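In this text the structure is predicted, and so the values were computed from the model without any measurement.
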Amino acid sequence: MDSAGEVVNDGKITLEGFTVAARAFADKWKRHNLSFPPWSWIPLINRTMLKKEEGYLSLEKIIILSSLEGSAEEESLDVTADWSEKEESIDHTVLVQNEEDEAHYYDYHIVYSASYMVPMLYFRGYSSDGKPLSLDVIKRDLPSSSVSLLLESKWTFITQEEHPYLNRPWFKLHPCGTEEWIKLLSESSSSDGCQIPVELYLVSWFSVVGQVVGLKIPREMLI
Amino acid sequence: MAANEEEAVKYVWEGAIPLQIHLHKSEVASHPPPPPALVLAPRIGYLPLLVHLIKPYFKDSLPPGEDSIWFDYKGLPLKWYIPTGVLFDLLCAEPERPWNLTIHFRGYPSNVLIPCEGEDSIKWNFVNSLKEAAYIINGNCKNVMNMSQSDQEDLWTSVMNGDLDAYTRLSPKIKMENIEDEFSRKASVSSPQSRQGGTEIDVAGQVKTARVPVRLYVRSVSKDFENLEDVPEMDTWDEISYLNRPVEFLRKEGSNFIILKMRCTVLMIFTWLYGKCFTLRDAIESLLPEYIRDRAQTSGEEGEQRTTDASDVSQETRGELKLVRIQGIEMKLEIPFSWVVNNLMNPEFYLHVSVLVKEPQR
């Protein structure tokens, strides 16, 4: 039995597996996704299990500029990263296309759900003065395919819930069904129907989930 | 259901907390200011559901404008999706009766509280928690997804109205698997005959892992205290560790156990694993391993004077479970966990546990 926590056959992952997968995901991202800052692993200090470390992945201050022509299509989404810690060092004359555009900042957290045994994406948007963006405004920053899913879906797709650790309202992608499409991914990606190795679990997961919020990952990460 | 189980569930559903609700002084637009509203709040209910009872007391005093209702306790905004009884058990170390709360009709703190758009938000939260519980217990939420819209509505209405009869009629439709109550099973776990070193090998019982939905709210204090009223007040929710995480424990199926004639120590291990009940303490310690009590000390009688030696010192630095409250009851930790779950869970099949701990000294 692989003690690092192999991915359970039905698309789910254990807490230990998540920790391993998260580190692997962050490493690959750092190496192959140079247009973005790296993900950070945030440990949960007061919840440290005896030998395991719990935490979540964080990617913050991603700037999305939406063009004025309707909802953001993939091409017109100008996703740039704010490398610096301080917002003052952004060169606004480069980023802002015209006066009516404003920069929207996004934070993304990948958190493990012990109930559903899959990762979950939490995100929030805010303007440069720190004021949170409503879902209506955020929808304008999402790819149009996501917006139509939001409208059509019977079950809730993106919901506003409390962040499991930060006591603040965030938006969350609904986890129901995650293990099904991960299973599909693992079956289709290998000829002998093997499970996804734990190191690639989050990469595969994010290749689908990231697209909902307009974040694509380069193909090199999937190897 | 056994007669005593029915009683327990009835007590849970009938549990209520007397509230004395004050309108926030910034919103008092009448003179003299209105007296507080007195409301009996069901433990398994949610604060925003009481607004229709409270508002009549204050409507003449409110300034003009739209309502966005929220509550606070000593300045702490209350999370509306936590059942009222749980909020009370968690925030009032020394139970305050009536419980004095402040209601606001303006100035919703949307930077800290998720929005509440009336009954729909609460119903959505309830159904979502039910789905999550179903996923934990059954391994999927098909049972809830397959319920008809009207059954879901009726189920929610029964909870909203505190109608246990209606809920009991509807709950078979939820098709939630049973959490086995090993305590009441006929097969005797510790029958003397089965444990004595006979050479028979009984029919193997399937051992499975049961997952139980638990929401644990942990409040910690850094110093020990004599009385509950000495526990300092909570200023922010950051002082609470919230663990929404299932408890997993071994569950035996079938009525027999593997009893092998083996050397003494191995037999003892088997007896410990399969003969001992999984208690509430075991459940909490599985979620909070930093508060695991040294087993050598638990074998003594309670209240025994402790002598100072190496193991005592390590216990103090380790941290301690001071108080565990479920449905307002201060729990004895040796109670079998499956009994606790089956009798004290909330209608959405979650067991809410409020814990007060003394932090380990690092």
Legend entry - Cationic N near anionic O, under 4.0 Å, B/Arg245 to A/Glu54: yes
Legend entry - A/His163-A/Tyr56 aromatic ring centre distance below 6.0 Å: yes
Legend entry - chain A neighbours within residues 80-87 of chain B, where any heavy atom lies under 4.5 Å away: B/Tyr81
Legend entry - Single hit among A/Tyr112, A/Phe206, A/Phe18 for side-chain contact (heavy atoms from CB on, under 4.5 Å) with A/Pro119: A/Phe18
Inset, instruction - Examine A/Phe25 together with A/Trp29 and report whether their ring centres are nearer than 6.0 Å. - result: yes
Legend entry - Residue from A/Tyr165, A/Trp41, A/Trp170 passing ring pair (Phe, Tyr, Trp, His ring centres under 6.0 Å) with A/His109: A/Trp170
Inset, instruction - Please confirm whether the backbone N or O of B/Asp238 pairs with a side-chain atom of B/Thr236, one donor and one acceptor, at under 3.5 Å? - result: yes
Inset, instruction - Please indicate whether B/Lys322 has more than 12 foreign heavy atoms, meaning atoms of other residues, nucleotides or ligands, lying under 6.0 Å from its NZ. - result: yes
Legend entry - Toward chain A, the part of B/Leu288 with a non-hydrogen atom under 4.5 Å: neither
Legend entry - Which atoms of B/Asn111 approach chain A - backbone, side chain, both or neither, heavy atom under 4.5 Å: backbone
Legend entry - Residues which pass side-chain hydrogen bond (donor to acceptor under 3.5 Å, both in side chains) with B/Glu119, listed by chain and number, not counting sequence neighbours: B/Trp156
Legend entry - Cationic N near anionic O, under 4.0 Å, B/Glu248 to B/Arg211: yes
Inset, instruction - For chain A, find its close neighbours in residues 215-224 of chain B: heavy-atom separation under 4.5 Å, sorted by number, or none. - result: none
Inset, instruction - Just jot down the side chain to side chain contact (heavy atoms under 4.5 Å, CB included) partners of A/Pro169, sequence neighbours excluded, or say none. - result: A/Gln160, B/Ile114
